[in-house]
Amino acid sequence: MRPRADGPRQPPGPQEAAAGSRPAARADPAAYAGAVLDVTAMIPSGKVLTYGDIAELLACGGPRQVGRALSLATRDVPWWRVLRAGGRPAQGLAREARSRYDDEGTALAVPADPVGEDDYRVVLAEARWWPSPAQQDALARLGASLSRPAP
DNA sequence: AAATAGGCTTTAG
DNA sequence: ACTAAAGCCTATT
């Protein structure tokens with residue numbers, strides 16, 4: 001498996017990569033969605049995360065859950081800073097997201113002969129955000145608090 | 001290098 | 001129990 005290019009993330013587990021091999025966390029859906037939105041709001045301008053990254057940071061749920069939470073969100077969050085692992089935003093959002101990237105100076109890779117406005121990719125190696133150790137810890141705590149049934 | 005196909009998890013309805 | 005979801009991975013062109 002390809003080790004994530006860089007970043008002080010915790011050492012990879014044996015099979016951790018296969019989408020969602022973490023123990024079920026069974027968080028309260030509303031709380032989970034809130035946490036996802038919180039993380040999204042934390043991403044600095046010009047930087048991005050993938051759906052899977054957020055799931056890993058929270059150590060809760062999977063990439064698709066993150067996507068669902070965002071799709072249902074009405075809150076004012078920078079949704080365009082959350083991408084699929086391939087560096088492309090969700091289908092249908094690419095065009096709208098692009099103006100944001102231009103605004104924020106996010107690194108884009110556009111093919112020589114683009115098919116359309118939505119034919120581009122964000123260069124994850126450049127634009128990918130990774131939180132500071134302190135932020136990582138805060139996010140880990142946030143994720144841990146999710147799986148704990150509220151008293 | 002890029003695009004495609006298949007297989008797979010987690011959670012919600 | 002089954003299906004759907006703003007996904008991810010690996011193998012194969």
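Sequence lines set the chain letters: A, B, ... in the order given, protein chains first and strands last, and positions in each chain run from 1. It should be emphasised that the depicted structure is a prediction, and the values quoted were computed from it without experimental measurement.
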Nearest-Å distance for atom pair CD/P, residues A:E56 and C:dG7: 17 Å
Pairwise C1' distance for C:dT12 and B:dA1, with rounding to whole Å: 14 Å
Nearest-Å distance for atom pair CZ/C1', residues A:R84 and C:dC9: 14 Å
Who pairs with B:dT9 - Watson-Crick or G-U, where each distance is under 3.5 Å: none
Sugar-phosphate, base or nothing in reach of A:R64, heavy atoms under 4.0 Å: base
Sugar-phosphate only, base, or nothing, as touched by A:P111 at under 4.0 Å among non-hydrogen atoms: nothing
B:dC8 and C:dA5, which share atom name C1', separated by this distance in whole Å: 14 Å
A:E96 CD to C:dA6 C1', straight-line distance once rounded to whole Å: 13 Å
For atom CD1 of A:I54 and atom P of C:dA6, their distance in whole Å: 15 Å
Length of the line joining A:D113:CG and B:dA2:P, which is rounded to integer Å: 14 Å
Nearest-Å distance for atom pair CG/P, residues A:L72 and C:dA6: 8 Å
For atom CH2 of A:W79 and atom P of C:dA5, their distance in whole Å: 19 Å
Nucleotide of C:dA4, B:dA3, C:dA6 approaching A:L93 most closely (side-chain heavy atoms): C:dA6
A:R98 to A:Y120 six-membered ring, cation-pi geometry met (6.0 Å, 45°): yes
Proximal nucleotide (of C:dA6, B:dA12, B:dT9) relative to the A:L70 side chain: C:dA6
A:E126 atom CD, neighbour heavy-atom count above 12 within 6.0 Å: no
Nucleotide nearest A:R121 (side chain, heavy atoms from C-beta), chosen from C:dA6, B:dA3, C:dA4: B:dA3
Heavy atoms from other residues, nucleotides or ligands near CG of A:D102 exceed 12 (cutoff 6.0 Å): yes
Listed nucleotide nearest any side-chain atom of A:Q65, set B:dA2, B:dA12, C:dC8: B:dA12
Nearest heavy atoms of A:L83 and A:R88, plus distance in Å: CB-O, 3.8 Å
Transitive ILVMFWY side-chain link A:L37 to A:W79, under 4.5 Å: no
Proximal nucleotide (of C:dG7, C:dC9, B:dA12) relative to the A:R68 side chain: B:dA12
Whole-Å gap separating P (B:dA3) and CD (A:Q91): 13 Å
Pair partner, C:dT13 [Watson-Crick or wobble, under 3.5 Å]: B:dA2
